[in-house]
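Each chain gets a letter, A, B and so on, in the order the sequences are listed, and its residues count up from 1.
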Amino acid sequence: MTIVVQLITSFIAAAAFAVIFNAPKESLIKCGFVGMLGWIVYFILSTEGIDIVPATVAAAFLIAVVSQVYAKMYKAPVIIYIVAGIIPLVPGGMAYDSMRYFVTNDYNMAVSLAAKAFMVSGSIAMGIVLSEVINQLLRQSRLKRIG
Amino acid sequence: MDHELDIEQYLEEQYDIMDVSLLAGKIMLESGAETYRVEDTMMRIAASYGIKESHSYVTPTGIMFSIETDEPTKTKLMRISNRTTDLKKVMLVNSTSRRIAKGELDVPQAYRILKRIYASDETYSLKTRIAAASISSGCFLMMFQGGWVDFLPAVIAGGIGFASVGYFQELISIKFFAEFMASLIIGVLALLFVQLGFGLQPDKIIIGSVMPLVPGLLITNAVRDLIAGHLISGLAKGAEAFLTAFAIGSGIAVVVTFL
């Protein structure tokens with residue numbers, strides 16, 4: 001049941017974000033799908049007890065791979081799909097909690113949460129860069145085979 | 001005489017190619033495209049019009065572009081002052097540059113098309129975007145393990161928060177202030193709902209409603225730019241993201257400390 005709720009809400013949230021970012025109408029469903037896929041991977045991995053940093057890397061990697069496939073299929077810039085997809089992974093809640101501890105003068109908690117939020121956003125970027133590297137390697141090997 | 005005219009026309013042409021590339025870069029950068037994509041697109045457009053060597057230097061606040069011809073090198077600078085996220089424009093410019101690369105468009109045609117893209121305002125209506133922000137706020141609440149009781153309060157607070165960012169930004173064009181006020185309003189609303197017995201967990205309502213304002217895209221793009229070696233862009237975007245996060249945080253902080 002929880003999984004179903006998570007699937008539906010993450011799909012809607014990612015598609016709604018695509019609307020806010022003014023993505024073309026025909027890409028909204030795809031954006032929602034990418035976001036749902038990434039979030040559910042993150043959700044399952046993190047509830048299985050895996051640390052959130054590797055869980056985020058895995059989710060971001062999957063998002064970027066699917067986005068690149070979509071980008072190639074529909075001849076659109078890859079950023080359209082990636083942007084909506086990674087939004088659920090962004091550590092907004094963590095940044096908020098850290099800010100709250102700062103305000104209540106609990107600097108130990110605040111700094112550790114801020115560091116965690118930084119690590120998570122870094123791992124989103126890591127996941128995306130990783131898939132770009134693999135994409136480029138694939139393209140180069142294909143070029144070599146032809147050349 | 002004839003020869004002179006030719007040269008003049010040639011010179012004019014160079015400037016046009018430059019203008020086309022710069023306009024394409026400007027639209028993409030203002031619409032939130034990645035730094036490397038902007039640089040790449042500009043150089044590709046120049047290359048498809050026969051410019052053998054061109055250099056582009058893109059930062060979030062300005063573009064420098066120079067092309068090498070038989071004449072002395074020409075360089076132009078373009079200031080970028082407002083940045084939003086408009087993925088449709090990124091896509092349109094991208095497909096225009098593809099058409100240029102295929103040789104379907106000559107310089108004046110390309111310039112006219114880009115000008116039209118630049119002036120176009122084909123966004124979703126404000127109501128649609130506010131509705132999208134509200135719904136996504138409710139959904140984020142559920143994704144962050146909130147209860148269904150808090151769904152409606154988050155939808156309302158998120159919608160009002162998103163609408164007030166737009167309103168305050170039009171009132172005073174300082175982004176920091178607009179974000180601060182919006183998160184202040186969200187905080188007040190969330191606490192008010194809980195006080196009235198309409199919601200249960202103010203923290204969850206606030207986190208959900210604040211999500212449409214959170215600079216998630218900026219943070220991630222900043223790290224990506226840094227990794228890709230665009231150090232200045234990365235730092236600038238990081239600074240912008242930090243400012244936004246700080247504005248949101250301090251708006252909420254005011255509410256938490258005083259109420």
Side-chain angles (χ1 to χ4, degrees), chain A residues 2 5-6 8-25 27-28 31 39 43 60 74-84 86-100 102-104 114 117-118 120-129 132, chain B residues 31-34 37 84-92 94-95 98 122-124 128-129 131-144 162 203-204 206-208 210-217 219-224 226-228 241 245-246 248-250 252-254 256-257:
Chain A
T2 354
V5 171
Q6 296 291 325
I8 295 170
T9 49
S10 56
F11 181 87
I12 297 174
F17 250 91
V19 171
I20 296 175
F21 289 150
N22 200 31
K25 275 200 188 70
S27 68
L28 292 184
C31 290
W39 176 254
F43 185 77
Y74 299 101
K75 292 222 172 356
V78 67
I79 189 175
I80 290 185
Y81 308 107
I82 287 189
V83 164
I86 58 161
I87 284 291
L89 300 178
V90 167
M94 226 178 277
Y96 164 80
D97 276 340
S98 129
M99 210 64 207
R100 275 210 56 176
F102 267 120
V103 180
T104 48
F118 180 76
V120 171
S121 32
S123 50
I124 295 175
M126 266 316 281
I128 295 172
V129 170
E132 268 164 16
Chain B
S31 309
E34 314 98 300
R37 185 181 291 280
T84 51
T85 308
D86 188 339
L87 296 177
K88 186 152 194 190
K89 280 189 181 170
V90 176
M91 189 163 146
L92 287 174
N94 191 56
S95 60
R98 271 173 203 269
E122 273 183 62
T123 49
Y124 296 94
T128 318
R129 277 187 298 153
S134 334
I135 293 170
S136 71
S137 300
C139 289
F140 276 118
L141 174 91
M142 295 312 295
M143 286 156 70
F144 296 142
F162 185 77
D203 281 352
K204 299 275 181 197
I206 290 175
I207 294 177
V210 142
M211 277 307 276
L213 313 178
V214 165
L217 174 62
I219 295 175
T220 314
N221 270 350
V223 183
R224 276 179 77 192
L226 282 177
I227 293 176
F246 188 65
I248 296 171
S250 40
I252 299 293
V254 169
V256 174
T257 31

Portion of [X] that has a non-hydrogen atom of chain A nearer than 4.5 angstrom:
| X | value |
| --- | --- |
| B:I206 | side chain |
| B:F144 | side chain |
| B:S250 | backbone |
| B:D86 | both |
| B:L87 | both |
| B:A222 | neither |

Checking heavy atoms, do the side chain of [X], its backbone, both or neither come under 4.5 Å from chain B?
| X | answer |
| --- | --- |
| A:F102 | neither |
| A:P88 | both |
| A:V78 | both |
| A:I87 | both |
| A:I128 | side chain |

Query raised in the report: Is atom CE of A:M126 surrounded by more than 12 heavy atoms (other residues, nucleotides or ligands) closer than 6.0 Å?
Result: no
Query - Distance-minimising heavy-atom pair for A:A23 and B:Y124 - result: O-OH, 2.7 Å
Using a cut-off of under 4.5 Å on heavy-atom pairs, state which of [options] scores highest against chain A.
| options | answer |
| --- | --- |
| B:S137, B:A133, B:P212, B:A245 | B:P212 |
| B:I248, B:V214, B:L141, B:N94 | B:N94 |
| B:V210, B:T128, B:D203 | B:D203 |

Report task. Please round to the nearest 0.5 Å and tell me the distance separating atom CD1 of A:I8 and atom CE of B:M143. Result -> 12.5 Å
Option in [options] with maximal non-hydrogen atom pairs under 4.5 Å from chain B:
| options | answer |
| --- | --- |
| A:P91, A:A16, A:A15 | A:A16 |
| A:V19, A:L89, A:V129, A:V90 | A:V19 |
| A:I20, A:I124, A:I82, A:I12 | A:I20 |

Report task. Name all residues meeting the side chain to side chain donor-acceptor pair (under 3.5 Å) criterion together with A:D97; count only those two or more places apart in sequence or in a different chain, and write none if there are none. Result -> none
Requested in this report: Taking ring-ring contact (aromatic ring centres under 6.0 Å, His included) as the test, write out the residues that go with A:F21, two or more places apart.
Outcome: A:F17
Report task. May I have the step-by-step check of side chain to side chain contact (heavy atoms under 4.5 Å, CB included) for B:V90 and A:I80, ending in yes or no? Result -> CA-CA 9 Å; B:V90 176; A:I80 290 185; 5.7 Å; no
